[in-house]
Amino acid sequence: MATTSITVRETPLVRYLLRRADDALILGHRLSEWCGHAPTMEEEMALANMGLDLIGQARSLYTYAAEVEGEGHCEDDFAYLRGERSYGNLLLVEQPNGDFARTMARQLVYSAFIHPYWRALMASPDATLSAIAAKAEKESAYHVRHCAEWLIRLGDGTRESHARAQAAVDHLWPFTGELFEADADEKGLVAEGVVPDPESLRGAWMQTVSAVLAEATLALPPNGWMQKGGREGRHSEHLGPLLTELQYLQRTFPGATW
């Protein structure tokens, strides 16, 4: 028996929490796809741990969204019982893993943004958001270091690894513009001082990414047309199959628990 999707009583804060949680959940799921396929055993552990960090961040944000919504939903309902159009994650995080260079490049451009974002969110007057950010900031700092080291190694490595790393950065660059978008709901929270303005972090993000690419002997792609739509539920062809796998058990065996 298939389960039906839930209807969320959305407020600006609930929508904000779900979108940030969706980013973390989808990217965490992508990293989990490396289990059994990573280049080395140590990297297998590192990717799994980063994936768990992200899923933990998603759980905290979903749990808080459920509390704010007050309709009796839980973190699992938000993860497993919403359809594709209800997900508001960035298009960047749903992109397939590709080769190892593409996974590292995707993780770097996301982590280089979300690390200063969490740090800024620690100053939020919302005590729950501030506490979530304080924990996530430490995790994302490690993610930045880990992915930067790998991208430098790949870019400044062999001719093939350099070519693959450059191709990865070029491919993902059009998805980075969405990192700095804020819709009317989020702008309202920014105006109230509850959350930071993503655009205010563009300089810090560019500084980190530029420094890593330079050390990796990789070229910074030119700014141009950027993909968008993820925050409004308009996704690439890749999210549907991912959600099918992610939600399979709960949709097939409603209410199943370990």
Side-chain angles (χ1 to χ4, degrees), residues 19-34 38 42-61 89-122 129 132-155 165 168-181 195-216 218 220-221 226-227 230-231:
R19 287 168 182 169
R20 295 291 170 192
D22 292 344
D23 289 344
L25 178 68
I26 298 303
L27 188 53
H29 183 83
R30 279 293 187 222
L31 291 182
S32 76
E33 293 173 347
W34 275 101
E42 284 190 349
E43 190 56 25
E44 176 111 357
M45 298 296 291
L47 289 169
N49 281 325
M50 289 195 293
L52 287 173
D53 287 343
L54 290 163
I55 291 171
Q57 293 165 18
R59 290 187 62 191
S60 298
L61 292 164
N89 59 273
L90 300 166
L91 296 175
L92 172 71
V93 301
E94 69 193 46
Q95 298 310 300
N97 288 331
D99 62 19
F100 187 65
R102 187 174 291 186
T103 293
M104 287 297 106
R106 185 188 59 201
Q107 197 66 35
L108 175 72
V109 294
Y110 175 78
S111 301
F113 166 78
I114 204 66
H115 177 233
Y117 187 89
W118 290 131
R119 204 163 46 201
L121 189 60
M122 288 167 60
L129 276 179
I132 293 171
K135 181 175 185 296
E137 187 271 341
K138 295 181 179 66
E139 296 165 344
S140 59
Y142 165 74
H143 298 181
V144 172
R145 288 198 303 273
H146 185 84
C147 300
E149 288 171 1
W150 264 113
L151 205 57
I152 291 167
R153 199 177 308 169
L154 294 171
V169 172
D170 292 344
H171 175 76
L172 293 167
W173 198 254
F175 295 98
T176 59
E178 213 175 17
L179 289 166
F180 307 99
E181 286 187 359
V195 302
D197 182 356
E199 183 60 40
S200 69
L201 303 170
R202 187 185 290 272
W205 174 82
M206 182 60 81
Q207 187 174 12
T208 299
V209 172
S210 298
V212 172
L213 294 187
E215 192 169 350
L218 296 171
L220 188 70
M226 290 285 172
Q227 299 271 3
R231 293 296 193 219

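Not measured: the values here are computed from a predicted model.
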Say you draw a straight line from CG of L121 to CZ of R20; how long is it, rounded to the nearest 0.5 Å? 9.0 Å

Okay, side chain of S111, backbone of L108: is any donor-acceptor separation there less than 3.5 Å? no

Decide if atom CE of M206 counts as having more than 12 heavy atoms of other residues, nucleotides or ligands within a radius under 6.0 Å. yes

Test item: Y110 and T176 side chains (from C-beta on) under 4.5 Å apart, heavy atoms: no

CG-OG distance between L47 and S32, expressed to the nearest 0.5 angstrom: 10.5 Å

What do the steps show when you test E178 against L92 for side chain to side chain contact (heavy atoms under 4.5 Å, CB included), and what is the final call? CA-CA 8 Å; E178 213 175 17; L92 172 71; 5.8 Å; no

Taking the side chain as every heavy atom from C-beta outward, state whether L151 and L213 have any atom pair closer than 4.5 Å. yes

Heavy-atom pair with the smallest gap, counting every atom of I132 and S60: CD1-O, 3.8 Å

Are any non-hydrogen side-chain atoms of M104 and E43 less than 4.5 angstrom apart? yes

I'd like to know if the side chain of T208 reaches the main chain of A204, judged simply by a donor and an acceptor atom lying under 3.5 Å from each other, with no hydrogens or angles considered. yes

V212 and W150: side chain to side chain contact (heavy atoms under 4.5 Å, CB included), yes or no, with the steps? CA-CA 10 Å; V212 172; W150 264 113; over 6 Å; no

Do you know which two heavy atoms are closest between A216 and I152, and how far apart they sit? CB-CA, 3.6 Å

Closer than 3.5 angstrom, by distance alone: can the side chain of E137 be matched with the main-chain N or O of P116 as a donor-acceptor pair? no

Enumerate donor-acceptor pairs with a distance under 3.5 Å from any side-chain N or O in residues 94-103 to protein atoms, sequence neighbours excluded.
from : atom 1 : to   : atom 2 : distance (Å)
E94  : OE1    : N89  : ND2    : 2.8
E94  : OE1    : H235 : ND1    : 2.8
E94  : OE2    : S236 : N      : 2.8
E94  : OE2    : S236 : OG     : 2.6
Q95  : NE2    : L91  : O      : 2.9
N97  : OD1    : R106 : NH1    : 3.2
N97  : OD1    : R106 : NH2    : 2.8
N97  : ND2    : R30  : O      : 3.0
N97  : ND2    : E33  : OE1    : 3.2
D99  : OD1    : A101 : N      : 3.1
D99  : OD1    : R102 : N      : 2.9
R102 : NH1    : H171 : NE2    : 3.4
T103 : OG1    : W34  : NE1    : 2.9
T103 : OG1    : N97  : O      : 3.0

Looking at side-chain heavy atoms only, is the closest gap between P221 and V169 below 4.5 Å? yes

Please identify each residue that fulfils side chain to side chain donor-acceptor pair (under 3.5 Å) with E199, with sequence neighbours left out. R202

Roughly how far, to the nearest 0.5 Å, is the NZ atom of K138 from the NE2 atom of H143? 13.0 Å

Test log, rule side chain to side chain contact (heavy atoms under 4.5 Å, CB included), inputs D23 and R231: CA-CA 10 Å; D23 289 344; R231 293 296 193 219; 2.9 Å; yes

L220 versus W173: any side-chain heavy-atom pair under 4.5 Å? yes

Quick check: does any side chain N or O of S200 sit under 3.5 Å from a backbone N or O of P196, one acting as donor and the other as acceptor? no

Value rounded to 0.5 Å, distance of CG in N49 from CD in E44: 11.0 Å

Modelled atom types, side-chain donor and acceptor of E139 and Q57, under 3.5 Å: yes

Is it the case that atom CZ in R19 sees more than 12 heavy atoms from other parts of the structure closer than 6.0 Å? yes

Stepwise side chain to side chain contact (heavy atoms under 4.5 Å, CB included) check, H146 with M50: CA-CA 10 Å; H146 185 84; M50 289 195 293; 3.8 Å; yes

What distance do L54 atom CG and I114 atom CD1 have between them, rounded to the nearest 0.5 Å? 9.0 Å

Would you say the side chain of E181 lies within less than 4.5 Å of the side chain of M226, judging by non-hydrogen atoms? no

To the nearest 0.5 Å, what is the distance between NE2 on H115 and CZ on R119? 4.5 Å

Sequence-distant partners of F180, ring pair (Phe, Tyr, Trp, His ring centres under 6.0 Å), two or more places apart: F113, W205

Determine the minimum heavy-atom distance between L31 and G51, stating which atoms define it. CD1-N, 3.8 Å

